[in-house]
Amino acid sequence: MAIIRPFRGIRPQIEYAQQIAALPYDVYSSEEAREMVSKEPLSFLKVDRAETNFPPGQDIYAPCVYEKAGSILQDWMKEGYLLQEEKKIYYLYELTMKNRVQTGIVAVASVDDYNNQIIKKHENTRSDKELDRIRHIDGCGMQTGPIFLAYRDNQLLNSLVEKAKQREALYDFTKEDGVRHRVFVMDSEEEIKSIGDAFQSIDQIYIADGHHRCASAVKVCMDRRAANPAYTGEEEYNYFLSVLFPQSQLEILDYNRVVKDLNGLTEEQFLDKLSQSFQIEKQEDRISPGKKGQWGMYLGESWYLLTLKEETAVLQDAVHTLDVSILQDYCLAPILGIENPKTDKRIDFIGGIRGIEELERRVHKDCKVAFSLKATSMEELFAVADQGLLMPPKSTWFEPKLRSGLFLHKI
């Protein structure tokens, strides 16, 4: 059973919410973050990417950067931009993108549930990225970026959420990307008990996005437990900030690939090697695959439809049946020499939100070949996590992104 609890959230005053709300820290480069902060001085990027408060060239991992993030939060509390709730409550966070609505419960989830694999992951994390967020949490004394969690639909939770959304929203604003954000408060004793009880009937929760933030929060907790052997488990650091969504409301977009060279092959040689595992059909139009087991490929000003030959496939488990894995195992590694897509500088990844046109643009600019993929499904994500396996890097792209700065969890 999952332990999902209310918390004394720190959040923006209503009049500042739209200004403060910002896309996650890892969506931006340092230069892009500086540009955003210059346009909006109250953007939460000022905290999440605190190097923006220093001259260009500042080491973004220097201790002073993390200290600055914490001092800004304290200043914003004193100046009235942020406030803390009087008691522990839940929130609802509704995002609407192109008429598709998803509503999550904002709460804190248990570190022990993560360690015991009630909360399941599907991606590996990098130690350097973990360390960055560990230092950020320690510098702020808060968890500032919510973990995007998913659960299989639950009728009781659905009804509680829909009932609560009938009341007036705490926040209601639309950002420059057209995504509408609404936040509702769930603070009655009856609601709080009902939500906690409902999650106790759920024994599997999945990380959809935010693996590094989650792993960092867990490691901060374990460090603090080690420093405080008398801990009770009730301390706030034993829980991490989360937004939990029902599976049916979530959509994963395609995560496409571009490669900068053909590994010393001519186009003809590359196509010949590819034909050993794939059926290749030249197309007149751009290819955005409509079914599993097919890929689009843009090479030499032409689009091709790739279909894996049946006699080629050796599908061993939930990971190896993923389209991203098949492309890696039968093309990227053996033909193009990309053994580790996480570290190889010859490959780049294009989120589906950018459109198929971006693949053509990159091939015309600095790449030789591009591949479009059908998006990984939520059921595939669940299957991988349930088997205790890990997806290849860049297998899922969730939209819309949760905004940072709307909910903070003091530890």
Side-chain angles (χ1 to χ4, degrees), residues 1-10 24-26 47-48 61 66 69-70 73 88 90 104-151 196 199-200 202-245 342 381-382 384-391 393 395-396 398 401-402 404 407-411:
M1 60 183 189
I3 301 172
I4 302 298
R5 292 190 173 185
F7 67 110
R8 286 188 63 203
I10 294 175
Y25 74 99
D26 52 359
V47 175
D48 258 353
Y61 303 118
Y66 302 106
L73 285 176
K88 294 183 177 183
Y90 293 107
I105 297 170
V106 186
V108 291
S110 166
V111 166
D112 287 330
D113 281 352
Y114 178 90
N115 288 335
N116 297 331
Q117 297 185 35
I118 291 172
I119 297 174
K120 299 183 176 185
K121 63 180 182 178
H122 64 84
E123 282 185 8
N124 259 328
T125 53
R126 284 172 39 190
S127 57
D128 58 335
K129 294 184 71 173
E130 283 183 23
L131 183 58
D132 169 51
R133 288 301 100 179
I134 288 169
R135 291 171 172 169
H136 194 267
I137 292 170
D138 281 334
C140 293
M142 302 182 196
Q143 298 157 353
T144 62
I147 315 306
F148 187 159
L149 300 179
Y151 59 91
F199 274 111
Q200 291 208 354
I202 295 174
D203 57 6
Q204 296 170 324
I205 292 177
Y206 303 85
I207 301 175
D209 202 6
H211 282 78
H212 286 94
R213 292 191 295 276
C214 189
S216 300
V218 169
K219 289 189 176 179
V220 168
C221 169
M222 303 313 289
D223 287 344
R224 295 194 179 197
R225 286 182 178 182
N228 177 27
Y231 76 91
T232 66
E234 294 299 312
E235 298 87 355
E236 289 299 318
Y237 59 71
N238 292 286
Y239 298 86
F240 55 86
L241 181 63
S242 306
V243 188
L244 300 102
F245 293 90
K342 185 183 293 187
L381 184 154
F382 287 176
V384 169
D386 284 341
Q387 292 183 25
L389 302 173
L390 300 172
M391 289 185 178
S395 293
T396 58
F398 284 91
K401 301 289 185 188
L402 307 184
S404 295
F407 317 100
L408 311 174
H409 177 221
K410 187 173 182 179
I411 63 168

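Since we're looking at a predicted model, the values are computed, not measured.
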**Criterion side chain to side chain contact (heavy atoms under 4.5 Å, CB included) on Asp209 and Lys401, from CA distance to verdict** = CA-CA 9 Å; Asp209 202 6; Lys401 301 289 185 188; 3.7 Å; yes
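- Side-chain N or O atoms of Thr144 include none that pairs as donor or acceptor with a backbone N or O of Leu408 at under 3.5 Å.
- Using a distance-only test at 3.5 Å, with no hydrogens or angles considered, a donor-acceptor pair links the side chain of His211 to the main chain of His122.
- Counting heavy atoms from C-beta outward, Leu241 and Met142 have side chains that stay 4.5 Å or more apart.
- In this structure, Tyr25 has no ring pair (Phe, Tyr, Trp, His ring centres under 6.0 Å) partners at least two apart in sequence or on a different chain.
- Side-chain contact between Met222 and Val111: present, with at least one pair of heavy atoms (C-beta onward) separated by less than 4.5 Å.
- Atom CZ of Arg8 sits about 9.0 Å away from atom NZ of Lys88, to the nearest 0.5 Å.
- Atom CG of residue Asn124 and atom CG of residue Leu390 lie 4.5 Å apart, to the nearest 0.5 angstrom.
- Other residues, nucleotides and ligands contribute more than 12 heavy atoms inside 6.0 Å of the CD atom of Gln387.
- At a threshold of 4.5 Å between non-hydrogen side-chain atoms, the residues Arg213 and Asp26 count as touching.
- Every pair passing salt bridge (Lys or Arg N to Asp or Glu O under 4.0 Å) that includes a residue from residues 220-234 is listed here, sequence neighbours excluded: Arg5-Glu234, Asp112-Arg225, Asp138-Arg224.
- Judged by distance alone, with hydrogens and angles left aside, the side-chain atoms of Glu235 form a donor-acceptor pair with the main-chain N or O of Gly233 at under 3.5 Å.
- Close placement of the Phe199 and Tyr151 rings is indicated, their centers lying within 6.0 Å of each other.
- With a 4.5 Å cut-off on side-chain heavy atoms, Pro146 and Val106 do not count as touching.
- Distance CE/Met1 to CD1/Ile202: 12.5 Å, rounded to 0.5 Å.
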**Request:** Show your reasoning for whether side chain to side chain contact (heavy atoms under 4.5 Å, CB included) applies to Tyr239 and Ile411.
**Result:** CA-CA 9 Å; Tyr239 298 86; Ile411 63 168; over 6 Å; no
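- Residue Thr125 holds its OG1 atom at 3.5 Å from CD of Glu130, rounded to the nearest 0.5 Å.
- Crowding of Lys410 atom NZ: a count of heavy atoms from other residues, nucleotides or ligands under 6.0 Å not exceeding 12.
- Partner Asp113 forms a side chain to side chain contact (heavy atoms under 4.5 Å, CB included) with one of Ile119, Asp203, Ile4 and no other, that one being Ile119.
- The backbone N or O of Phe240 sits less than 3.5 Å from a side-chain atom of Ser242, completing a donor-acceptor pair.
- Here the shortest heavy-atom pairing between Ala2 and Ile205 reads CB-CD1, 3.5 Å.
- For an aromatic pair to be called close, the ring centres must be under 6.0 Å apart, and Phe398 with Phe148 satisfies this.
- For the side-chain hydrogen bond (donor to acceptor under 3.5 Å, both in side chains) test, residues two or more places apart in sequence or in another chain that qualify with Gln204 are Arg152, Tyr206.
- Atoms OH and CD, on Tyr237 and Gln143 in that order, are 12.5 Å from each other to the nearest 0.5 Å.
- Between Asp48 and Arg133, at least one side-chain nitrogen of the basic residue sits less than 4.0 Å from a carboxylate oxygen of the acidic one, meeting the salt-bridge criterion.
- Taking 4.5 Å as the limit, every side-chain heavy atom of Leu131 sits out of range of all side-chain heavy atoms of Tyr61.
- Atom OG of Ser395 is separated from atom CG of Leu381 by 9.0 Å, given to the nearest 0.5 angstrom.
- Side-chain contact between Ile207 and Tyr114 is present, with heavy atoms from C-beta onward closer than 4.5 Å.
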